[in-house]
Amino acid sequence: MISTFRINLLFIVSVFLLFFNCSRYVYESTYTIRTDNVKTADDHWNELVSKKTNPKILLFGFHTYKISKSESTLLKNAQFAEVDYNTATYKFFKHGQYIDTQKADKTIPVKDLDLKRFVIEYLSKTEATGKVELEKILVPAKGKKDKFLIKKFDVDYIVMAIHLPYYHERTKAGINAVTGFFGIITLGLIPIYEASKAETFYVVFDKNLKYQNSFYYNRPYTIISALWMIPNEGFQTFFSQAEVPPENAYKIHVEEFERELLYQLTLKK
């Protein structure tokens with residue numbers, strides 16, 4: 001017979017392993033909104049190249065968030081998010097160049113309405129913390145208060161990407177509760193699946209900031225947790241889960257958007 005002490009010790013050790021050694025990683029699946037089109041982004045790009053109409057695409061935004069500060073009291077815990085410029089979901093977009101990699105020695109004027117739309121589209125989601133990104137393309141007009149020019153980039157299109165939400169948010173999917181229950185009672189042997197929110201707004205402009213089109217992607221990402229889970233993207237525990245969605249949560253958004261954008265461009269005469 002196993003003594004009560006040993007049973008209690010085994011339980012404590014198991015709970016410790018569950019809470020402090022859960023390996024967690026983002027689980028990705030294929031994501032295709034246009035199921036009638038089996039071509040990849042590379043296929044569409046090669047088609048554009050063959051027609052000598054391959055566009056020069058400038059990428060703007062494409063950042064996730066970070067917690068800038070937290071304020072705790074006895075009654076509430078408040079967190080504040082800001083754009084994390086160390087993140088780079090543009091790396092998932094194969095046939096475009098991020099704005100930081102492009103030089104622009106000249107400036108050009110743009111219509112006020114086009115400029116206002118561009119700025120509002122970005123700041124309405126990122127708020128004041130998006131100012132740093134805007135400064136990469138806007139230049140104050142000399143001698144004119146509240147007037148701006150834009151840098152002249154050698155591009156055809158400027159693509160803005162804004163990721164949401166600011167904080168890690170689980171969806172109300174039943175899989176969260178069901179697998180969570182069995183994962184806990186088996187002390188982490190049965191994986192816990194957590195479906196969490198991820199959405200992206202894309203806005204396409206021409207080189208003069210004239211609005212072209214908008215795209216919206218809402219595709220939850222799944223995190224799998226278990227004691228034995230490998231591989232993992234970063235090492236987290238039950239008590240130190242990510243406070244914001246990871247970059248890879250948006251990988252399938254960016255890949256599918258690029259495929260759709262290039263497909264749309266192949267249709268242009």
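The backbone N or O of Gly61 sits less than 3.5 Å from a side-chain atom of Glu133, completing a donor-acceptor pair. Checking side-chain atoms of Thr40 against main-chain N and O of Asp43 turns up a donor-acceptor pair under 3.5 Å.
In summary, the side chains of Thr87 and Asp84 do not present any donor paired with an acceptor at a separation below 3.5 Å, with no hydrogens or angles considered. Using modelled atom types, one finds a donor on one side chain and an acceptor on the other under 3.5 Å when comparing His168 with Ser196. Using modelled atom types, one finds a donor on one side chain and an acceptor on the other under 3.5 Å when comparing Glu199 with Tyr216.
Atom CZ of residue Phe60 and atom CZ of residue Phe153 lie 9.5 Å apart, to the nearest 0.5 angstrom. Note that NE2 of His63 is 9.0 Å distant from NE2 of His163, once rounded to the nearest 0.5 Å. Between the CD1 atom of Ile158 and the CD1 atom of Ile99 there is a distance of 7.0 Å, given to the nearest 0.5 Å. If you take NZ on Lys51 and CD on Glu47, they are separated by 4.5 Å, rounding to the nearest 0.5 Å. Taking CD from Glu127 and CD from Glu82, the interatomic distance works out to 11.5 Å, rounded to the nearest 0.5 Å.
Side-chain contact between Pro220 and Lys197: absent, with no pair of heavy atoms (C-beta onward) separated by less than 4.5 Å. By the 4.5 Å heavy-atom criterion applied to side chains, Met160 and Ile162 are counted as neighbours. By the 4.5 Å heavy-atom criterion applied to side chains, Gln102 and Asp154 are not counted as neighbours. Counting heavy atoms from C-beta outward, Phe257 and Val254 have side chains that stay 4.5 Å or more apart. Using a 4.5 Å heavy-atom threshold, the side chains of Glu258 and Glu256 count as separate. Taking 4.5 Å as the limit, some side-chain heavy atom of Tyr211 sits within range of a side-chain heavy atom of Val203. Using a 4.5 Å cut-off on side-chain heavy atoms (C-beta onward), Val159 and Leu261 make contact. At least one side-chain heavy atom of Lys136 sits under 4.5 Å from a side-chain heavy atom of Asp100.
Residue Tyr221 comes nearest to Pro245 through the heavy atom pair OH-CA, 3.5 Å, listed as atom of the first residue, atom of the second, then distance. Nearest heavy-atom pair across Ala249 and Ala198 is O-CB, 4.3 Å. Shown here for Leu48 and Pro55, the closest heavy-atom pair between the two residues is CD1-CD, 3.8 Å. The two atoms that bring Leu209 and Ile150 nearest to each other are CD1-CG2, 3.6 Å, heavy atoms only.
Taking the six-membered ring where tryptophan is involved, the planes of Tyr202 and Phe62 are tilted, since the angle between them lies from 30° to 60°. Classified by interplanar angle (parallel below 30°, tilted 30° to 60°, perpendicular above 60°), the ring pair His253/Tyr250 is perpendicular. The aromatic rings of Tyr166 and Tyr65 stand perpendicular to each other, their planes meeting at an angle above 60°, with 30° marking the opposite boundary.
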(request) Please test Val244 against Thr64 for side-chain contact (heavy atoms from CB on, under 4.5 Å), starting from the C-alpha separation and ending with a verdict. (result) CA-CA 8 Å; Val244 297; Thr64 59; 5.6 Å; no
(request) Evaluate side-chain hydrogen bond (donor to acceptor under 3.5 Å, both in side chains) for Lys66 paired with Tyr85, printing each intermediate quantity in order. (result) CA-CA 9 Å; Lys66 64 181 179 181; Tyr85 290 99; over 6 Å; no
(message) Under the criterion side-chain contact (heavy atoms from CB on, under 4.5 Å), I'd like the reasoning laid out for Tyr167 against Ile67: C-alpha separation, chi angles, the key distance, then a yes or no.
(response) CA-CA 8 Å; Tyr167 310 97; Ile67 302 301; 3.5 Å; yes
(request) List the steps, then state whether side-chain contact (heavy atoms from CB on, under 4.5 Å) holds for Leu262 with Ile57. (result) CA-CA 10 Å; Leu262 295 180; Ile57 301 174; 4.1 Å; yes
(message) Go through it in stages, so that I can follow the logic: the residues are Asp156 and Lys207, the test is salt bridge (charged side-chain N to carboxylate O under 4.0 Å, His left out), and I'd like the CA-CA distance, side-chain angles, deciding distance and then a yes or no.
(response) CA-CA 5 Å; Asp156 300 303; Lys207 62 183 178 181; 5.6 Å; no
(message) Could you walk me through whether Asn37 and Arg259 satisfy the side-chain contact (heavy atoms from CB on, under 4.5 Å) test, starting with their C-alpha distance in whole Å, then the side-chain angles of each, then the deciding distance to 0.1 Å, before giving a yes or no?
(response) CA-CA 10 Å; Asn37 177 17; Arg259 190 177 81 104; 3.7 Å; yes
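Clustering ILVMFWY residues whenever any of their side-chain heavy atoms sit less than 4.5 angstrom apart, transitively, puts Val139 in a cluster other than the one holding Ile137. At a threshold of 4.5 Å between side-chain heavy atoms, the hydrophobic network of Ile, Leu, Val, Met, Phe, Trp and Tyr places Leu149 and Leu138 in two separate groups. Val204 and Trp45 fall within the same hydrophobic cluster, defined by Ile, Leu, Val, Met, Phe, Trp and Tyr side-chain heavy atoms under 4.5 Å apart, directly or through other members.
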May I have the list of side-chain donor-acceptor pairs in residues 106-121 shorter than 3.5 Å, sequence neighbours left out?
from   : atom 1 : to     : atom 2 : distance (Å)
Asp112 : OD2    : Lys147 : NZ     : 3.0
Arg117 : NE     : Glu121 : OE2    : 3.4

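The number of heavy-atom neighbours closer than 6.0 Å to CG of Asp105, taken from other residues, nucleotides and ligands shown, is 12 or below.
The cationic atom of Lys125 (NZ for Lys, CZ for Arg) lies less than 6.0 Å from the six-membered ring centre of Phe201 and within 45° of the ring axis.
In this view, Gln264 and Glu260 satisfy the side-chain hydrogen bond (donor to acceptor under 3.5 Å, both in side chains) rule, not counting sequence neighbours.
Ring centers of Tyr98 and Phe93: at least 6.0 Å apart, outside the cut-off.
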